[in-house]
Amino acid sequence: MPATHRAFALISLLSFSAAAPTVDDCNQLTQPLQANKLHQILGRWIFIQGLASNGSLGDSLRFVESTWMVLNTTSDSRTLQAEIAGRVVQQLDESVQPQVPKMEDASIPTNSQGPELSSNPSSHPVSSSTPHLVMKEDRCLRNVQNMSLVDGKDLEFYMKIASSYHRFLQTCPDCLLMHTYYKVANHQMFYLFGRNKTVTASDLETFRKQGECLRFPTTPKFNYDPNNELCPVEEKKSESTPQQNLH
Ligand SMILES: *[C@@H]1O[C@H](CO)[C@@H](O)[C@H](O)[C@H]1NC(C)=O
Ligand SMILES: *[C@@H]1O[C@H](CO)[C@@H](O)[C@H](O)[C@H]1NC(C)=O
Ligand SMILES: *[C@@H]1O[C@H](CO)[C@@H](O)[C@H](O)[C@H]1NC(C)=O
Ligand SMILES: *[C@@H]1O[C@H](CO)[C@@H](O)[C@H](O)[C@H]1NC(C)=O
């Protein structure tokens with residue numbers, strides 16, 4: 001093939017890959033994970049990139065440095081437990097106080113019915129009245145929530161505290177793709193998680209297209225910098241002894 005032809009082929013390939021995905025592409029790119037693929041979403045995931053719908057929900061992600069999430073089964077086969085730990089930026093000053101991110105904002109948003117976090121970053125840990133949401137000196141917000149399986153052939157969960165739905169889509173190996181939406185408010189979020197701190201450039205490009213297919217604005221609201229530390233995994237306490245020492 002003459003060089004000019006090769007160059008032309010290359011250029012058309014490039015421009016093709018930069019073009020908006022077609023309807024056919026999108027049908028391929030937004031296939032749901034089937035309910036029998038539950039095992040694929042279990043375990044620990046690192047939040048890599050997040051898109052948010054036109055609403056403002058995604059804005060609190062700018063206070064987030066890193067987030068991981070562990071999805072695990074429970075004794076009830078229709079209930080999934082989501083444990084989330086997110087590290088927030090150091091400079092939570094006066095100007096951002098009303099916007100102190102709740103852990104839910106960072107990964108699985110819940111609405112204002114969720115436990116309130118003290119907006120004063122110097123007061124840690126958060127008072128004992130918020131057992132599921134604790135920020136310590138390490139700037140880590142932690143939260144554990146149950147989600148219940150939504151009936152159907154696709155893998156989808158409902159989180160009652162947030163009135164949010166979480167559907168999972170087919171994605172790269174070692175990736176988790178979660179589409180969160182609310183039936184009442186018109187917010188939507190689209191999250192790419194990885195088993196590792198990074199995914200390949202082509203996996204990110206696919207995520208961008210998937211977001212486009214679902215009509216998300218293309219600029220990510222969160223883009224993980226792998227130099228940012230993750231919250232430590234906490235030692236599991238024995239759950240058979242629920243008594244607490246009140247000092
Ligand atoms: C999932 O739950 C089981 C049983 O509670 C526990 O033994 C296991 O460590 C959990 N897995 C993760 C990744 O937390
Ligand atoms: C964002 O707004 C555009 C234009 O109003 C709309 O077409 C699109 O569906 C919205 N995206 C989401 C994810 O809500
Ligand atoms: C989550 O669901 C499991 C199984 O139904 C239950 O044992 C556990 O107490 C629930 N945890 C929370 C935090 O609601
Ligand atoms: C991702 O992490 C897994 C184990 O955590 C490892 O086996 C794998 O090689 C890593 N992949 C990349 C691309 O770094």
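Keep in mind that what you see is a predicted model, and the values were worked out from it rather than measured. These values consider heavy atoms only, across backbone and side chains, with no hydrogens, waters or symmetry-generated copies. Numbering of ligands and ligand atoms starts at 1, following listing order.
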Treating S66 as the side-chain partner and E229 as the backbone partner, does any N or O pair qualify as donor plus acceptor under 3.5 Å?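 Pair found, side chain donor or acceptor close to backbone of E229.
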Interfacing atoms of ligand 3 (cut-off 4.0 Å, heavy-atom, T74):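 Near T74, the atoms of ligand 3 are 4 (C).
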Which ligand 3 atoms are under 4.0 Å away from a heavy-atom of D76?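 Heavy-atom distances to D76 below 4.0 Å select 4 (C), 5 (O).
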May I ask you to check whether [Y] and [X] place their ring centres under 6.0 Å from each other?
X: Y224; Y: F47; value: no
X: Y191; Y: F222; value: no
X: F216; Y: H179; value: yes

Contact between ligand 3 and T79 is defined here as a heavy atom of the residue under 4.0 Å from a ligand atom; is it met?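 T79: in contact with ligand 3 (<4.0 Å).
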Would you check, one step at a time, whether the test side-chain hydrogen bond (donor to acceptor under 3.5 Å, both in side chains) holds for Y165 with Q188? CA-CA 10 Å; Y165 292 83; Q188 297 186 53; over 6 Å; no
When you compare ligand 3 with N146, is there at least one nitrogen or oxygen pair between them that comes in under 3.5 angstrom?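 Between N146 and ligand 3, an N or O pair is found under 3.5 Å apart.
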Compute the shortest N/O to N/O distance between N72 and ligand 1 and return yes if it is under 3.5 Å, no if not.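 Yes, since at least one N or O of N72 sits under 3.5 Å from an N or O of ligand 1.
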